[in-house]
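Keep in mind it's a predicted model, so treat the numbers as computed, not measured. Values reported hereafter were calculated over all heavy atoms of this structure, with side chains retained and with hydrogens, waters and symmetry mates removed.
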Amino acid sequence: MKILFVAFPFSIHTVRWIEQLNHAHWEVHLYSSHRGAQPHKDLATHIKYHSNPLQLDKKSNRFFKIIQKVKNKFLPANAISNTPEQELAAIVKEIQPNIIHSLESQHAGYLVSRTKQQFFENEFPLWVHSNWGIDLHFFRNDEAHKKPLHYLLKNIDVFIAEGQRDVLLAKQMGFNNKHFVFPSVGGGFFIPAKQAYNIAGRKVILVKGTQDIVRRGLTAMAAIGKCANALQGYEIILYNSCEETRAAADLLIMNEGLHISYPEEIVYKEMIALNTKARISLCINLSDGLPNAMVEAMMMGAFPIQTNTSLADEWIIDGKGGFIVPVNDVALIADRLMQALTNDALVENAAKINYEKIAANLEYGMILEKTIKMYMQLLGYNNANNIADA
């Protein structure tokens with residue numbers, strides 16, 4: 001079997017999904033959906049990687065005139081890359097994959113859409129598409145994205161969603177083909193053999209600190225400020241922070257005496273480890289799929305406080321496994337944070353509930369088996385155990 005992935009090569013989610021296929025002995029290719037990107041350091045060496053080099057002659061480039069002169073004078077014509085669509089079409093025609101699998105919509109999905117539209121009038125490989133996070137939930141309301149999303153959903157053969165919410169959204173936008181629900185875009189998790197205990201004794205609070213088009217780290221920090229007295233003696237770790245949220249943290253450090261750190265970068269394994277020390281994980285987003293922050297917290301015992309703009313309600317019961325809060329209500333978020341800080345029985349019971357939920361639904365081997373069976377089912381293989389012969 002040959003599978004061509006189109007995805008962000010630097011994303012740990014891409015790496016974790018693709019590495020599920022490492023033992024299948026399939027021919028796996030990855031084409032970068034991002035110009036000039038470098039592959040993640042953990043991408044398996046046997047994956048056939050196709051880079052997406054910078055396009056020097058693109059007229060939208062602000063330095064187009066200078067670049068045009070330089071390339072005409074110093075570079076041979078064949079040294080200039082084609083458009084991503086031309087490159088992807090050439091790769092498809094060369095390797096003739098059984099499946100093209102795009103991971104994420106606004107870059108990978110749209111790229112495959114344009115490639116199919118421009119270069120493949122008739123025959124095209126089976127196209128599987130994975131919806132990531134905010135792809136439909138947020139961008140479906142953006143006028144600039146409505147047309148490409150409709151075309152994407154009209155032309156894909158198989159739709160993979162993180163939850164039932166996005167399956168329903170896809171159907172509302174015209175999708176009527178086969179779909180699967182895989183709760184994590186990066187595959188399953190290696191679940192600890194024993195559930196976490198003594199959550200009430202933990203003195204770490206994890207706060208996602210990004211402030212951008214959908215993430216609301218400043219709202220999270222405002223709620224932290226309202227709970228300053230109760231947070232004395234805690235270490236607050238503001239991860240994935242930005243200039244705005246670090247400034248808010250500095251004010252709380254100076255005015256309230258809070259202990260807040262904002263590490264430069266925390267890799268996936270470090271994030272898992274931090275959740276073994278955290279009492280609470282706070283993540284406020286305007287839109288999301290199944291947040292990795294919430295899943296990692298549930299798995300390692302941290303009590304999740306997550307916005308109702310995500311798929312949280314498909315995984316936790318509000319007030320039992322965590323709190324589900326509105327994105328802009330700082331007072332309510334602070335109230336829920338105070339409850340999680342002061343109610344030891346709440347966080348201890350939630351840890352037990354959440355461990356069982358994750359173990360039953362996201363164990364690595366189980367998701368791996370489901371993934372392999374899906375690909376084989378799509379190509380008509382009956383025996384998913386004979387993966388090496390597919």
Would you confirm whether [X], through its side chain, and [Y], through its main-chain N or O, come within 3.5 Å as a donor-acceptor pair?
X      : Y      : result
Glu356 : Ile353 : no
Asp135 : Glu104 : no
Asp318 : Ile324 : yes
His107 : Ala7   : no
Lys208 : Ala293 : no
Gln96  : Val92  : no
Glu314 : Arg165 : yes
Arg202 : Thr276 : yes
Arg216 : Leu286 : no
Gln306 : Leu311 : no

| Do the rings of Phe124 and Trp127 sit parallel, tilted or perpendicular, given the 30° and 60° boundaries? | perpendicular
Determine whether more than 12 heavy atoms belonging to other residues, nucleotides or ligands lie under 6.0 Å from atom [atom1] of [X].
X      : atom1 : answer
Lys357 : NZ    : yes
Lys269 : NZ    : no
Lys2   : NZ    : yes
Lys154 : NZ    : no
Leu168 : CG    : yes

Least distance between heavy atoms, [X] atom then [Y] atom:
X      : Y      : result
Ser287 : Ile134 : O-CG2, 3.3 Å
Asn285 : Asp288 : ND2-OD2, 2.7 Å
Ile305 : Ala340 : CD1-CB, 4.5 Å
Asn275 : Ser281 : OD1-CB, 4.3 Å
Thr309 : His137 : O-CE1, 3.4 Å
Ser310 : Gly289 : CB-O, 3.4 Å

Taking the side chain as C-beta and beyond, is there a heavy-atom pair between [X] and [Y] under 4.5 Å?
X      : Y      : answer
Trp132 : Leu103 : yes
Tyr110 : Ser102 : no
Asn52  : His34  : no
Leu282 : Ile224 : yes
Lys93  : Phe120 : yes
Ile3   : Pro97  : no
Phe189 : Asn292 : yes
Thr219 : Val327 : no

Spacing of [atom1] belonging to [X] relative to [atom2] belonging to [Y], to within rounding of 0.5 Å:
X      : Y      : atom1 : atom2 : result
Leu21  : Ile47  : CG    : CD1   : 7.5 Å
Asn131 : Ser105 : CG    : OG    : 4.5 Å
Gln211 : Ile284 : CD    : CD1   : 11.0 Å
Met374 : Leu379 : CE    : CG    : 10.0 Å
Leu341 : Tyr234 : CG    : OH    : 5.0 Å
Met294 : Ile316 : CE    : CD1   : 5.5 Å

| Within 45° of the axis and under 6.0 Å from the centre of the six-membered ring of Tyr355, does NZ or CZ of Lys194 qualify? | no
| Regarding Arg114 and the six-membered ring of Tyr151, is the cationic atom NZ or CZ under 6.0 Å from the ring centre and inside 45° of its axis? | no
| Arg16 with Glu19: basic N within carboxylate O range, under 4.0 Å | no
Verify the cluster assignment for [X] and [Y]: are they in a single hydrophobic cluster under the rule of side-chain heavy atoms below 4.5 Å apart?
X      : Y      : answer
Val185 : Ile160 : yes
Val112 : Leu136 : yes
Tyr364 : Val295 : yes

| query | Is the His145 to Phe138 ring centre distance short of 6.0 Å? | reply | no
| Please walk me through it: do Glu243 and Arg246 pass salt bridge (Lys or Arg N to Asp or Glu O under 4.0 Å)? | CA-CA 5 Å; Glu243 185 176 352; Arg246 289 193 293 270; 6.0 Å; no
| With Phe5, the ring-ring contact (aromatic ring centres under 6.0 Å, His included) member among His101, His129, His29, His13 | His101
Which pairs of donor and acceptor atoms, one on a side chain in residues 258-268, lie under 3.5 Å apart (sequence neighbours left out)?
residue : atom : partner : partner atom : Å
Tyr262  : OH   : Asp250  : OD1          : 2.7
Tyr262  : OH   : Asp250  : OD2          : 3.4

| Residues Gln86, Phe119; criterion side chain to side chain contact (heavy atoms under 4.5 Å, CB included); working and verdict | CA-CA 8 Å; Gln86 289 172 322; Phe119 297 101; 3.5 Å; yes
| message | Determine whether Lys116 and Asn155 satisfy the following criterion, side chain to side chain contact (heavy atoms under 4.5 Å, CB included), listing intermediate values before the conclusion. | response | CA-CA 9 Å; Lys116 181 178 181 180; Asn155 283 275; 3.6 Å; yes
